[in-house]
Each structure stands twice: as structure tokens, then as C-alpha cells.
Amino acid sequence: MTTTRLSSTDSVNIPGWGWQPFLEDAVQALQPLNLEPYPVADDFLYKQDQTGSKAKPVTVTTATWACKTDKFRQVRAACVYGGAAASVLNFVINPSARFDLPFFGGDLVTLPSGHLLALDLQPADKSDPIHTQHVWDKLIPIFERWRSKLPDGGPIPEEAQPFFSPGFLWTRLPLGDEGEHLINTVVRPAFNDYLSLYLELTEAAQPVTDQRRDHLLAGQRRYTDYRAEKDPARGMLTRFHGRDWTEKYIHTVLFDL
Ligand code: DBV
């Protein structure tokens, strides 16, 4: 069991954490890219606390895996495990604004009420067809294939619309065998398909002009600010690790642009 992590690219190993295979798939897919560690303060590499009642304490762990590459400003995985209370992999690839690339986002969440699963390639500027069209043309067939095998996750807030693509795969599944089965046979291959398309787009991406970089960077900032402000994990992380730690984690690690 690894409880000490010295570098952000050291493997994450949280006993019992169900999303381990997804993170391992992602790290393996990234391997050809010459990964460098992304600086993450010790207190965020591996954090363990007790939550729950005095009579029934629950150990909660949050670990952060992260790296950077030539074309990715930051790749980071937030790995949260608190037994039956919560199990989460939130995985985001933040491209360099030098490239016309979307964000890769995966939110894989297990709570006592069930699983919430979100996958998307999210635009920095949804109103700009040069930024979106080449992505959507390839993403939508992949989306259609997997969406047909999953129940719809229901409405998402209107204000979030500018940040989603038309390939937003979003579902809620029940706990138990049926949900597990769909996670293994649909959600995991969908995650890998979205990621391999993303890496294919990345390989093809060519540097843009300074002016376009500034435009993309402004869009990336709007996206990142929105995600930090509305982070649906804020309540959970605050319960697990306290308010100061959580705000620092959100603003200096998870959404740090
Ligand atoms: N979500 C994050 C981070 C998390 C995280 C950094 C560290 O952005 C977890 C953990 N997401 C998380 C948790 C919940 C959700 C819900 C714990 C449940 C909150 C709760 O019910 O208490 C997709 N995630 C959600 C919801 C959506 C998304 C739409 C439901 C929100 C709600 O009900 O209010 N997150 C959203 C999204 C991406 C993403 C589109 C990118 C693909 O990462």
C-alpha cells in the first residue's frame, strides 16, 4: 500500500477504491507522451482524514495524480475514497492554449444514492466552429454508440450549457450488480474511446498564432473559473478535509489556471 507519494506521477493506490482501473487505463494511454510530473504540494498528493461520527468513524482519502506534456498544461486526477460514503475519479486534461483542443473531462462518482457518470470533450469557446467542429464530427458517432446503452442522466443546469459539447455522455446508474455491469461493459470502454479520440486530436494539433492563443486562453479561463466556482464536490471535500484545505485544493490544484 502506497501511503507516501513523493511525486504527482507516482501511482495512486487506495485500497478498496473502485475507479483504480479507469485511472490505470488513462495513465497507460498517456505513457507514449513523455510525461513530466506536475508540481502538486505534499498536502494534496495524499490526504487522509477521519469523518463520520465518533462511534462510527470513516477514513477518507484524497490523492492527486498529475502530469504535464508538451501539449498539455496540466493533466490531473482527483481520486477520492471514503468507503460506502463516496468513491470518485475526477479526471481533467487541460491543454496548452497554444492548441485548438477542448478539455477532456471525466467525472466518475459513486455515492450511497448511486453512480453519477459524466464524460465529455468540453470546448474553450463553444461559439467558435473552428474550435469545435473538427472535434464534434469525430466525437458524436462515439457518443451515439455509447449513449444508446445508458439511461439519460437527466437535466443539467442551464448556465452549464456553454461548457458542454453535444457529445456529453451523462448517466446515473443504480448501485449493485446491474450498475457495476454497465460500468464495466459500457462506461469503461466509453471512457477509453473518448480518451483515445482526445489523444488522436492532440497528436494532430498544430500550434496557433499568439492572437489565437490569447482567444483560447480567455475561453479556458471562463471554463476553469466556472468549474472552480460550481465544483459539485465542494461540500463533500469540505466535510472530509475541512474548508481551508478544500478551497486551496480547488483553486491551486483542481482548477488552477
Ligand atoms: N466533480 C468535480 C470534481 C470532483 C467532482 C473536481 C473531486 O468537478 C465530483 C471531485 N461530481 C462530483 C461529486 C458529485 C458530482 C456531480 C462528488 C456529486 C455531488 C452531490 O450530489 O453531492 C459533471 N458532476 C456532478 C454533476 C454533474 C457533474 C453534472 C451533478 C451536479 C449536481 O447534481 O448539482 N463534472 C461535471 C462535468 C464534468 C465534471 C460536466 C466534466 C465532464 O467533471
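FYI, side chains are in, hydrogens and waters are out, and symmetry mates aren't considered; it's all heavy atoms of this structure. Each ligand, and each atom within it, is numbered from 1 in the order the structure gives.
- Using a 4.0 Å cut-off between a side-chain N of Lys or Arg and a carboxylate O of Asp or Glu, Asp43 and Lys248 do not qualify as a salt bridge.
- Summary of contacts: the protein heavy atom closest to atom 33 (O) of ligand 1 is Arg172 NH2, 4.4 Å.
- In this structure, a donor-acceptor pair under 3.5 Å is absent between the side chains of Tyr226 and Asp231.
- The nearest protein atom to atom 27 (C) of ligand 1, hydrogens excluded, is given as Trp170 CH2, 3.7 Å; this is a heavy-atom distance.
- Here is the list of ligand 1 atoms found below 4.0 Å of a heavy atom in Ala118: 23 (C).
- Atoms of ligand 1 found under 4.0 Å from any heavy atom of Gln122 (numbered from 1 in listed order, with element): 40 (C), 41 (C), 42 (C).
- When only interatomic distances are considered, the shortest N/O to N/O separation between Arg76 and ligand 1 does not fall below 3.5 Å.
- Leu111 CD1, 3.9 Å is the protein heavy atom nearest to atom 21 (O) of ligand 1.
- A cation-pi contact, defined as under 6.0 Å to the ring centre and within 45° of the axis, links Arg76 to Phe255.
- When each atom of ligand 1 is checked for a heavy atom of Leu254 under 4.0 Å away, the hits are 6 (C).
- To the nearest 0.5 Å, the span separating CG on Leu237 from NZ on Lys47 amounts to 12.0 Å.
- The distance from atom OG1 of Thr62 to atom CE of Met236, rounded to the nearest 0.5 Å, is 6.5 Å.
- Residue Asn90 places at least one N or O, backbone or side chain, under 3.5 Å from an N or O of ligand 1.
- Heavy-atom separations between Phe91 and ligand 1 are all 4.0 Å or longer.
- Which parts of ligand 1 touch Gly105 is read off a 4.0 Å heavy-atom cut-off, strictly below it: atoms 42 (C).
- Looking only at protein heavy atoms, the nearest one to atom 36 (C) of ligand 1 is Asp107 OD2, 3.9 Å.
- Closest to atom 4 (C) of ligand 1 among all protein heavy atoms lies Ala233 CB, 3.4 Å.
- Of all atoms in ligand 1, numbered sequentially from 1 with element shown, those under 4.0 Å from a heavy atom of Phe168 are 40 (C).
- Remark: atom 25 (C) of ligand 1 lies closer than 4.0 Å to at least one protein heavy atom.
- For atom 40 (C) of ligand 1, the nearest protein heavy atom (residue, atom name, distance) is Phe164 CE2, 2.9 Å.
- Residues Asp225 and Lys230 are not paired through a salt bridge, judged by the lack of any N-O separation under 4.0 Å between the basic side chain and the carboxylate.
- Closest to atom 39 (C) of ligand 1, if we only count protein heavy atoms, is Arg227 NH2, 3.2 Å.
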Using ring pair (Phe, Tyr, Trp, His ring centres under 6.0 Å), reason through Tyr198 and Phe72 one step at a time and then give a plain yes or no. CA-CA 11 Å; Tyr198 190 76; Phe72 298 150; 5.8 Å; yes
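- The side-chain contact (heavy atoms from CB on, under 4.5 Å) test with Val109 singles out one residue from Leu89, Val80, Leu116, Leu117, and that residue is Leu116.
- Aromatic ring centres of Trp245 and Phe44 lie closer together than 6.0 Å.
- Given atom 19 (C) of ligand 1, the protein heavy atom at minimum distance is Pro232 O, 3.5 Å.
- Ring-plane geometry between Phe104 and Phe91 is classed as perpendicular, the angle between the planes exceeding 60 degrees on a 0 to 90 degree scale with a lower cut at 30.
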